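Down below is the structure, laid out as structure tokens.
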Amino acid sequence: MRMVDLIEKKRDGYALTKEEIQFIIQGYTNGAIPDYQMSAFAMAVFFQGMNDEETAELTMAMVHSGETIDLSKIDGIKVDKHSTGGVGDTTTLVLGPLVASVGVPVAKMSGRGLGHTGGTIDKLESVPGFHVEISNEEFIELVNKNKLAVVGQSGNLTPADKKLYALRDVTATVNSIPLIASSIMSKKIAAGADAIVLDVKTGAGAFMKELDDAKALAKAMVEIGNRVGRQTMAIISDMSQPLGYAIGNALEVKEAIDTLKGEGPEDLQELCLVLGSHMVYLAKKASSLEEARHMLERAIEDGSALEAFKRFLAAQGGDASVVDDPSKLPQANYVIELEAKEDGYVAEIVADEIGTAAMLLGAGRATKESTIDLAVGLVLRKKVGDAVKKGESLVTIYSNREQIDDVKQKLYENIRLSSERVQAPTLIYDKIS
């Protein structure tokens, strides 16, 4: 086999065989196939696409390019959840303990965030003492004991995807459904889950800005999962405005605590109940999505979800007393209100730009070397559709610098008011199974 022939075959719109795809991925991983040929192949896929079978084979070739995690020693059906990102996406912090509290094992492998705010691990490290540096044996033991543990991503999980992802970034081939779907699903499958629930975002703060593109990506990922023996379902949810109110690491931990008490933002709680219901159903702990939802609502009402969060934090060295006293989380030196300049209704909150404002404060990473300030961030006081009076707070800004004119300007530019009443956006657009 020669790489040039396979590039030509895909360029001309023909489907590749399992053996041909394995040849490409193995060759690229071990350095036998150079970047310039892989770039040409990625561009051919970008223009010609791949059928469902090719996409599944590409995913599994990337899974087998490195280590896979064996979770067979964990009792029960392991269900993983993946979100395609967004602003103020606190769902994992709520879902982990919520689903664990009804007996579903959640063995979560997470990374650090590059962008608006930190990843799940950065957020959890707002809790004093919490750490994810645990051995595989301890990880499995904790999931069996508490039904929940979070560990940092393994260094040699899907190395082919890491190489290809970096290449796509610099060759204008990122926005290809087969390449995105296989990238996401290869990591989830290598991480050892039996079933996968996907939260595919759409809107200004999402990777997929258009609803049709989000649906196509969700369908591709569900198809991959089910083809390779992982029960997979997807929810398509809104990210035209930030989810919940909080954007920033310690602020999002506090919001997760509020949500587990049943006192969180309506949109965040609803999305967590929908995603959680799917996780419980796939884990065969409930015979229907309705039954699963009732179980989760009861876990919030009776306090068992909050207790599961405390046990999880304490088991990984964290100070669980932050759940009862969130003032023990990192605190910003300055709390500044962004006041509305006029009466009206909130017509638009541009999610990705609001995320950038949080990053300017230090809540996220502009580069891999950036240091995150866990205390800073934003808390929205109004969402799209809400009425606002002149002088009322639109956003509370938590900052460790006094001069924040750049942040205020960014927020004013991206929170648009209207004199006409505006409809709040749809939260959940579709469910794909």
Side-chain angles (χ1 to χ4, degrees), residues 1-72 78 80 82 109 153-196 198 216-232 234 432:
M1 250 183 269
R2 295 193 314 157
M3 183 59 175
V4 66
D5 299 326
L6 301 182
I7 294 168
E8 190 177 324
K9 185 176 179 181
K10 181 42 69 182
R11 181 201 69 192
D12 294 342
Y14 295 102
L16 299 174
T17 66
K18 176 181 179 176
E19 291 72 27
E20 287 168 339
I21 290 169
Q22 286 175 340
F23 171 82
I24 293 168
I25 294 302
Q26 285 169 8
Y28 185 55
T29 307
N30 66 27
I33 292 170
D35 275 353
Y36 60 83
Q37 284 190 311
M38 200 63 181
S39 301
F41 173 73
M43 191 60 80
V45 172
F46 183 88
F47 283 113
Q48 293 292 0
M50 282 183 149
N51 64 33
D52 291 341
E53 195 175 337
E54 284 178 289
T55 309
E57 293 300 352
L58 176 62
T59 303
M60 293 312 290
M62 292 203 289
V63 168
H64 296 305
S65 69
E67 292 173 14
T68 55
I69 307 296
D70 180 7
L71 300 179
S72 59
K78 281 73 70 182
D80 200 355
H82 177 79
M109 187 169 285
Q153 260 165 1
S154 158
N156 198 35
L157 217 63
T158 62
D161 175 59
K162 287 189 182 75
K163 281 188 79 174
L164 183 53
Y165 191 90
L167 190 69
R168 285 164 52 213
D169 210 27
V170 294
T171 56
T173 53
V174 169
N175 290 335
S176 158
I177 299 276
L179 296 179
I180 299 166
S182 58
S183 172
I184 291 169
M185 291 302 287
S186 64
K187 291 191 278 282
K188 293 288 113 184
I189 292 162
D194 301 315
I196 301 161
L198 301 159
L217 176 60
K219 283 176 179 166
M221 292 195 290
V222 168
E223 180 69 34
I224 291 168
N226 291 327
R227 268 181 180 268
V228 304
R230 305 293 196 282
Q231 274 199 290
T232 308
I432 295 165

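The structure presented is a predicted model; accordingly, all values stated were derived computationally and were not measured. Atoms considered below: every heavy atom in the structure, side chains included; atoms not considered: hydrogens, waters and symmetry mates. Residue numbers count from 1 along this sequence.
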Calculate, to the nearest 0.5 Å, the distance between atoms CG and CG belonging to Leu164 and Asp169 respectively.
11.0 Å
Mind checking whether Asp194 and Gln231 have side chains closer than 4.5 Å, heavy atoms only?
no
List for me each residue that meets side chain to side chain contact (heavy atoms under 4.5 Å, CB included) alongside Val170, sequence neighbours excluded, and say none if there are none.
none
So with a 6.0 Å cut-off around OH of Tyr165, is the heavy-atom count from everything else above 12?
no
Excluding sequence neighbours, so at least two apart, what forms side chain to side chain donor-acceptor pair (under 3.5 Å) with Glu223?
Arg227
Test side-chain contact (heavy atoms from CB on, under 4.5 Å) applied to Thr232 and Ile224, step by step
CA-CA 8 Å; Thr232 308; Ile224 291 168; over 6 Å; no
Do the non-hydrogen side-chain atoms of Leu16 and Ile24 ever get within less than 4.5 Å of each other?
yes
Counterpart residues, side chain to side chain contact (heavy atoms under 4.5 Å, CB included), relative to Lys187 (two or more places apart):
Thr158, Asp161, Ser183
Residue set satisfying side chain to side chain donor-acceptor pair (under 3.5 Å) with Asp70, at least two apart, ordered chain then number -> Ser72
Shortest non-hydrogen contact from Ile21 toward Ala61
CG2-CB, 4.2 Å
Taking side chain to side chain contact (heavy atoms under 4.5 Å, CB included) as the test, write out the residues that go with Tyr14, two or more places apart.
Lys9, Asp12
Rounded to the nearest 0.5 Å, what separation is found between the CE atom of Met221 and the CD1 atom of Ile196?
9.5 Å
Test side-chain contact (heavy atoms from CB on, under 4.5 Å) applied to Met38 and Met3, step by step
CA-CA 9 Å; Met38 200 63 181; Met3 183 59 175; 4.1 Å; yes
Side chain to side chain donor-acceptor pair (under 3.5 Å) involving Glu54 - partner list, sequence neighbours excluded
Lys10
Qualifying residues under side chain to side chain donor-acceptor pair (under 3.5 Å), relative to Arg168, sequence neighbours excluded:
none
Euclidean distance, Tyr36 OH relative to Ile7 CD1, rounded to 0.5 Å:
9.0 Å
Sequence neighbours left out, what passes salt bridge (charged side-chain N to carboxylate O under 4.0 Å, His left out) with Asp80? Give chain and number order.
Lys108, Lys188
Could you pull out every donor-acceptor pair under 3.5 Å between side chains of residues 26-34 and any protein atom, sequence neighbours left out?
{"unit_1": "Tyr28", "atom_1": "OH", "unit_2": "Asp35", "atom_2": "OD1", "d": "2.9"}
{"unit_1": "Thr29", "atom_1": "OG1", "unit_2": "Ile25", "atom_2": "O", "d": "2.6"}
{"unit_1": "Asn30", "atom_1": "OD1", "unit_2": "Ala32", "atom_2": "N", "d": "2.9"}
{"unit_1": "Asn30", "atom_1": "ND2", "unit_2": "Gln26", "atom_2": "O", "d": "3.2"}

Whether the side chain of Glu67 engages the backbone of Leu157 through a donor-acceptor N/O pair (distance < 3.5 Å, no angle test) should be reported.
no
At what distance, to the nearest 0.5 angstrom, does CZ of Phe23 lie from OG1 of Thr17?
11.0 Å
Scan the side chains in residues 172-182 for donor-acceptor partners under 3.5 Å anywhere in the protein, sequence neighbours excluded, and list what turns up.
{"unit_1": "Thr173", "atom_1": "OG1", "unit_2": "Thr171", "atom_2": "OG1", "d": "3.0"}
{"unit_1": "Ser182", "atom_1": "OG", "unit_2": "Pro178", "atom_2": "O", "d": "2.8"}
{"unit_1": "Ser182", "atom_1": "OG", "unit_2": "Leu179", "atom_2": "O", "d": "3.3"}

Between atom CD1 of Ile432 and atom CG of Leu217, what is the distance when rounded to the nearest 0.5 Å?
9.0 Å
Is there side-chain contact between Val228 and Thr59, with at least one heavy-atom pair below 4.5 Å?
no
How long is the straight-line distance from NZ of Lys162 back to CE of Met62, given to the nearest 0.5 Å?
11.5 Å
Write down the atom of Ala191, the atom of Leu71, and the distance for their closest heavy-atom approach.
O-CD1, 3.4 Å
Is Glu53 atom CD crowded by more than 12 heavy atoms from other residues, nucleotides or ligands, each under 6.0 Å away?
no
